[in-house]
Structures are given as C-alpha cells and as structure tokens.
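The block underneath contains the structure these notes are about, expressed in structure tokens.
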Amino acid sequence: MGSFEFSQSNQIFKNRDVLREDYTPEELVGRDEELSEYHSALQPVINNELPSNIFLYGKSGVGKTAATRFLLDRLQEAAQSIPDLDLHAVRVNCDGLNTSYQVAVTIINRLRGPEDQIPMTGYPQSKVYQFLWNELDQYGTILIILDEVDHVNDDSLLYQIPRARDNGYVNSAKVGLVGISNDLSYREGLSAKVQSSLCETEVYFPPYDAGELRKVLEQRTQVAFHDDALSEDVIPLCAAYGAKDSGDARQAINLLLEAGDIARNENAPQVTKTHVEQAKRKLESDQITTGVSKLTEHARLTLYALTTFAADGETPVTSPTVRERYLALCNSSGIDPLSHRQMQSHLSELKMMGVITGRERNLGRRGGKKVLYGLNYDLGLIAETLAETIDEVGVHRSIQSFVKNHSER
DNA sequence: TTTCCACAGGAAGGTACGGTCT
DNA sequence: AGACCGTACCTTCCTGTGGAAA
C-alpha cells in the first residue's frame, strides 16, 4: 500500500487545462482564410442589420466550433460598445437531438430560466414553435448556432427559423442561424428551400495537414507543458496520427493530453513516443466502451453472438450464422429474440460504429450478396465491454478464458 | 447475355411509454 | 379520466444488389 497523500506533481504539465476541449486559444493556427470569410459573414450583426444565415462544413476537429467560439467572443465584446445593439447567442450541440422538435425545446430551455423548462414530449409541434418565437422575440439580435446539425433527421426547424420574420412569427427580433455540420454530404440532402436560405454564406473548413497540426500542437504545448517535458518525436507522432485520422486537431490534442496523463501517472520525467502509443490504445478502447454502453440489450446480444465465433477463430461469419448463435443465447436465458430484420440492422449499426468489420462478398448464383462480419478490436476488450450482458445471459463456452476474472469474482 | 441466389437494407406502419391539455 | 402528442424501438413486407453460373 502506498501513501494516499496528494502532492502537486508539476514535472510534466504547466497548464493542463489548455488541452481540454472547452479551451479556446488566443490565436487559431492555420485557419486564417476560413476565419476571414466567417468574420465578414458576421459583419451585418455589428451593423445592426439582419444577420445572414451561415453554414459551416468540414470534418470533425477542423476548427469549426473553435472558430465559432473565437469569433463570437469578439463579436460580443464589440457589441458591448454599441448602444443600440442587443446581441444574444444560443449555441446548441445537436448531438443526441434527433428531431427539430427536440432542438426547438432545447433552445427554449436554454433561453428560459430553470423554473419554467419544458419537457421533450407532450406538446404539439406547433405549440413548441410558438413558445420558441415568443422567446426569440424578447431579444434584439439573436444568433442561433446549431452545432452538428447533421444529427437532426428533419428539415423543419431549419426551414422555419429563417422565415420566422417573413411569416410574422417574430416581430422585433433579428434572428440569424448558423449551422455547423461534420457531414460533407449533408448539404446535398437538404431540400432546395432550406439550402437557399440556410446556405446564404458557406464556409468550408478543410482538414488540417500534418504540418498545420504540428503548429497547432506546438502552440498548445508552449502553454500546456513545461519546457523539455516532451521528447522530440512526440509532437510529430501525434500530428501524424491526427493527419491519418482525417486531419482532426481535437483528436491529436486529446492524444497529447492522454499521453501527458500517462507520463505523469508513471512519474516519468518526459512524455515519450511510448506514452503516445499507449494513449492511442487507451483512447481507442474508451471509444469502444462508451459506444457499446449506449447500445440496446439486443444490440449487445448480437455483438456477444459474433464474439463467440471470434473466440473460436471462426470469423468472419455471415448474418444467418450470427443469428443462430443469437437465438441460442436468447433461448438459454429466456429472452424473446428479435426479428431477423432487426438483428441485421443491429449488425450494420455495429459496423457503422467501427466495433465490427463487414466485408462484402458475392458468390453469384450460388450464394448471392453477403456480408462477412468479424470483430474490429481485441477480443478481450470487447468481452470486457460486454461484461454486464455476459453476466446476465451466461458465459458461452467459447469465451470462458476471456472472462475468467469475471466468473471468479 | 441473361438468370438468379441469398442476403442487404428501404419503407411503412405498429406499440408502449412519458408527457400535455381539458 | 381520456384525447392527443412525439419518440424509441420494433415487425412485416418489399425492392435492390452484383457476380457466378447457365
């Protein structure tokens, strides 16, 4: 047993918070062009004119949200000194919000005090919109920023907000809409009516290349780490991983943060390449764990079924094969199995998440089109994330050696 | 060239649940 | 209490797919 005293260990980090996601740096590195386009799109706000609607797109972690926070801060600051300008901004992250209805409710609740929040169901849609217009109309200029709009499955709110004034739903308020999307094809899927209003101004954020990522990391490192806390190859390695994973700065910064944490826990004098590699594995396994924990019971059962084949070295397998095992698992534990179709969509969802792999294959007239499924991650890791389900359903023969620790407890 | 297998996945509609309104 | 509302998750039915076999 070690001692449990806390002591400040300052060998590695000077200011760890700088690497956290909510931090907005003083300067945004490598996004000059995008910032200036975005900046001029916001200019009407300062002139107290009707704001234009803006659509930002580009893959995740390329600075869309950071640029928004950055410019919004400056906009608010500038607005302070303009007497007639009553500027407000609501930023909503649409991750987890599937419909316009839910987004509208979220905006309303953001604008209202904690006493009169409204629930996510119950009201007719038109009523919720009425609430929304009433809230909006209490402001002079209000910017609605919808981050990750591509998670919303319908157009309705995107269509309504830009027209709220024309339709007389709001009278005094000047409402501006900023849509941010990670999905490059999202824009094409929008109806023409929405495209023409939402996409008045578009700003595309390209992925960072390895060189830009390096500059971003170096900028943060100067503030976050003590001098010489990083060995030489750490930044290039993080940048290379980031560039490979679609130029995602947030991911690269996370990697650096995690590597720093690992080094600090080890009381190592320096962050090294090895720490980065450990961090990479840790982040990957975290991603799987959180992904799997959000799945429904039957999706986990489906994954369990596939896992048993992987444990016996029988992967890849087709979905009817998985289904047999799935039915057996359900049967032995008294759970009602789902239909063929539903189990299949669980499989394809797992594939989308990247937890499992699916290779398409076609045997022609002798077998048609098939997908061969296998695990995309270490078997032990997946068995661990499924622990709860396995406890409930029982340990299958094939995975006994992987869950030993569990059954002994 | 045409046929056709065996599944993938789209579409539409159902049901249980948590909510509001009168 | 009972009509009405939105949502998650489900079932049923159906069309799409692509290449080996005929």
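In the text below, chain A, chain B and the rest are named by the order of the sequence lines, each starting its count at 1.
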What is the nucleic acid contact for [X], judged by heavy atoms within less than 4.0 Å: base, sugar-phosphate only, or nothing?
{"X": "A/Q102", "value": "sugar-phosphate"}
{"X": "A/T99", "value": "sugar-phosphate"}
{"X": "A/I118", "value": "nothing"}
{"X": "A/H340", "value": "nothing"}
{"X": "A/R341", "value": "base"}
{"X": "A/S319", "value": "sugar-phosphate"}

Cation over ring, [X] on [Y], under 6.0 Å and within 45°?
{"X": "A/R300", "Y": "A/Y304", "result": "no"}
{"X": "A/R325", "Y": "A/F309", "result": "yes"}
{"X": "A/R214", "Y": "A/Y208", "result": "no"}
{"X": "A/K193", "Y": "A/Y159", "result": "yes"}

Candidates [options] - which lies nearest the side chain of [X]:
{"X": "A/K351", "options": "B/dC7, B/dC5, B/dG9", "result": "B/dG9"}
{"X": "A/T121", "options": "B/dC21, B/dG19, B/dG9", "result": "B/dG19"}
{"X": "A/P320", "options": "B/dG19, B/dC21, B/dC7", "result": "B/dC7"}

Just how far, in rounded Å, is [atom2] of [N] from [atom1] of [X]?
{"X": "A/Q342", "N": "B/dT15", "atom1": "CD", "atom2": "P", "answer": "16 Å"}
{"X": "A/R365", "N": "B/dT1", "atom1": "CZ", "atom2": "P", "answer": "16 Å"}
{"X": "A/L338", "N": "B/dT15", "atom1": "CG", "atom2": "C1'", "answer": "15 Å"}
{"X": "A/F131", "N": "B/dC21", "atom1": "CZ", "atom2": "C1'", "answer": "11 Å"}
{"X": "A/E324", "N": "B/dC7", "atom1": "CD", "atom2": "C1'", "answer": "15 Å"}

Check your understanding: Is there a donor-acceptor contact under 3.5 Å linking the side chains of A/T68 and A/Y38?
Key ->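 A pair is found: one side chain offers a donor N or O, the other an acceptor, under 3.5 Å apart.
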Check your understanding: Side-chain donor-acceptor pair under 3.5 Å between A/T318 and A/T321, yes or no?
Key ->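 Distance-only check passes for A/T318 and A/T321.
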Exercise for review: Taking heavy atoms of chain A and a 4.0 Å limit, find me the 5'-most and 3'-most nucleotide of DNA chain C within that range.
Suggested key: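 First and last nucleotides in contact are C/dC5 to C/dA22.
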Review point. Angle class for the A/W133/A/Y169 ring planes (parallel below 30°, perpendicular above 60°, tilted otherwise)?
Key: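 The rings of A/W133 and A/Y169 lie parallel, inter-plane angle below 30°.
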Check your understanding: How do A/G364 and A/K369 order along DNA chain C: which one's closest nucleotide is nearer the 5' end?
Key ->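 The 5'-side residue here is A/K369.
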